[in-house]
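For reference, the structure discussed in these notes is given below.
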Amino acid sequence: MSGKLYGIGIGPGDPQLLTLRAYKLLSQAQVIAVPVKKLGEESTAQNIIRQAVDLKDKTIVALEFPMAHSKEILKESHLKAAARISGYLDQGRDVMLITLGDVSVYSTCTYVLRYVEAMGYETCIVPGIPSFCSGAALAKLPLVEGHENMAVISSIKGTKTLEEALDRFETVVVMKAGRHMNDLCRILKERELVDNTTVISNAGMENQYIGPVVSEKNFGYFTTLIIKQRKN
């Protein structure tokens with residue numbers, strides 16, 4: 001009998017924000033697959049769960065997911081990960097593939113799950129707390145109130161997507177914002193929304209930053225913006 005692949009969202013970075021279900025599955029797991037940008041490097045996700053889960057005697061499988069824009073390179077990495085996971089599933093062992101935040105929000109995990117399921121194996125998704133929800137809580141900031149609407153976008157889509165979202169929604173969440181802060185800040189200044197924007201960077205991690213836009217600060221990959229504006 002084949003094993004089952006679990007895609008597990010482990011939350012934004014604070015190990016205390018692991019769900020009870022994620023904690024139980026990871027504690028009982030024999031095989032845990034962890035994402036890395038390059039083989040040999042530390043896994044951010046693994047470092048988070050090791051603070052809550054005893055990883056002794058567990059098989060840790062590092063899966064390389066390069067930070068690339070090429071669809072061909074990304075697809076190749078997803079297929080390699082699926083093939084490697086299938087080897088453990090064929091042994092009848094369940095595999096826990098962990099991912100930061102929630103599995104359904106901009107997660108590489110979803111591609112791997114799709115390929116593994118297409119290969120005929122059983123899969124399961126365990127949700128986690130998204131970074132923008134955690135950040136909003138840390139900033140004591142309501143994401144939406146009353147009849148407000150919210151959009152969640154990726155900065156990689158470009159500034160036009162942000163401007164269209166700002167035209168239509170009271171709250172706009174911009175994920176993967178770190179590398180595009182200059183362009184994003186330009187639009188925020190043009191629309192006089194700098195003071196309406198909260199930056200969430202590395203939420204739940206040691207170098208966490210929750211606060212206003214700071215033009216001279218370098219923000220990393222795990223950076224999200226929450227833009228609140230009132231519509232008449």
Side-chain angles (χ1 to χ4, degrees), residues 2-13 17-26 29 31-39 41 43-49 60-90 93-135 143 150-158 161 165 173-179 200 203-204 221-224:
S2 299
K4 180 191 291 189
L5 172 61
Y6 291 80
I8 301 180
I10 63 168
L17 294 181
L18 276 174
T19 66
L20 288 174
R21 189 178 182 200
Y23 173 78
K24 181 178 179 180
L25 285 168
L26 292 171
V31 183
I32 300 177
V34 302
V36 295
K37 289 182 286 187
K38 187 176 181 180
L39 292 178
E41 292 185 354
S43 166
T44 300
Q46 181 181 349
N47 286 336
I48 290 168
I49 65 167
I60 305 298
V61 181
L63 303 176
E64 185 177 33
F65 299 121
M67 301 291 285
H69 294 297
S70 168
K71 290 183 179 180
E72 290 75 19
I73 292 175
L74 293 174
K75 183 177 180 179
E76 183 182 0
S77 70
H78 301 154
L79 288 170
K80 283 183 177 179
R84 192 167 181 204
I85 287 170
S86 70
Y88 293 95
L89 300 178
D90 286 338
R93 305 169 76 184
D94 292 341
V95 177
M96 312 295 154
L97 172 55
I98 60 175
T99 185
L100 285 167
D102 178 72
V103 178
S104 63
V105 182
Y106 296 123
S107 170
T108 299
C109 186
T110 56
Y111 299 99
V112 179
L113 284 161
R114 192 177 301 150
Y115 286 128
V116 169
E117 191 167 289
M119 295 164 71
Y121 301 98
E122 189 177 357
T123 64
C124 177
I125 292 176
V126 179
I129 298 173
S131 60
F132 57 86
C133 290
S134 170
L143 286 169
M150 181 176 78
V152 179
I153 67 173
S154 167
S155 69
I156 296 173
K157 282 289 187 178
T161 300
V173 173
V174 186
M175 301 190 70
K176 307 179 183 180
R179 297 179 181 178
I200 304 162
Y221 177 77
F222 299 112
T223 299
T224 297

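Sequential numbering from 1 along the given sequence is applied to the chain's residues. Predicted, not measured: the structure shown is a model, and the values here were computed from it.
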From Met96 atom CE to Ile85 atom CD1, the distance as rounded to the nearest 0.5 Å: 11.5 Å

Rounded distance [0.5 Å steps], OH in Tyr6 versus CG in Leu97: 13.5 Å

Residue list, side chain to side chain donor-acceptor pair (under 3.5 Å) with Thr19, at least two apart or on another chain: none

Under the side chain to side chain contact (heavy atoms under 4.5 Å, CB included) test, residues paired with Val152 that sit two or more places apart: Tyr106, Phe132, Met150, Val173, Met175

Working for side-chain contact (heavy atoms from CB on, under 4.5 Å), residues Val34 and Val61: CA-CA 6 Å; Val34 302; Val61 181; over 6 Å; no

Minimum heavy-atom distance between Arg84 and Ala62, given as atom pair plus value: NH1-O, 2.6 Å

For Ser134, side chain to side chain donor-acceptor pair (under 3.5 Å) partners two or more places apart: none

Partner set under side chain to side chain donor-acceptor pair (under 3.5 Å) for Lys4, not counting sequence neighbours: Glu122

Those residues that, when tested against Arg93, pass side chain to side chain donor-acceptor pair (under 3.5 Å) (two or more places apart): Thr59, Gln91

Closest approach of Ser131 to Pro12 (non-hydrogen atoms, all atoms of both residues): CA-CB, 3.8 Å

Under the ring-ring contact (aromatic ring centres under 6.0 Å, His included) test, residues paired with Tyr111 that sit two or more places apart: His78

Salt bridge (charged side-chain N to carboxylate O under 4.0 Å, His left out) partners of Glu76, counting only residues at least two apart: Lys80

Least distance between heavy atoms, Thr110 atom then Ser104 atom: CG2-CA, 4.4 Å

Tyr121 and Asp90: side chain donor to acceptor below 3.5 Å: yes

Atom pair OG/CD1 of Ser43 and Ile98 - distance to nearest 0.5 Å: 5.0 Å

Ile60 CD1 to Ile32 CD1 distance, which is reported to the nearest 0.5 Å: 4.5 Å

Residue pair Ile73 / Pro66: nearest heavy atoms and the distance that separates them: CG2-CG, 3.8 Å

Salt bridge (Lys or Arg N to Asp or Glu O under 4.0 Å) partners of residues 107-117, not counting sequence neighbours, each pair once: none

Closest non-hydrogen atom pair, Leu17 against Ile129: O-CD1, 3.7 Å

Non-neighbouring partners of Thr99 that pass side chain to side chain contact (heavy atoms under 4.5 Å, CB included), sequence neighbours left out: Val103, Ser107, Cys109

Contacts of type side chain to side chain contact (heavy atoms under 4.5 Å, CB included), residue Glu41, not counting sequence neighbours: Lys37, Lys38

Distance, nearest 0.5 Å, that separates CG of Leu74 from CZ of Phe65: 10.0 Å

Enclosure of Leu20 CG (heavy-atom neighbours >12, cutoff 6.0 Å): no

Closest non-hydrogen atom pair, Leu113 against Cys124: CD2-O, 4.3 Å

Residue list, side chain to side chain contact (heavy atoms under 4.5 Å, CB included) with Thr161, at least two apart or on another chain: Ile153, Lys157

Rounded distance (nearest 0.5 Å) linking atom NZ of Lys176 with atom OG of Ser155: 8.0 Å

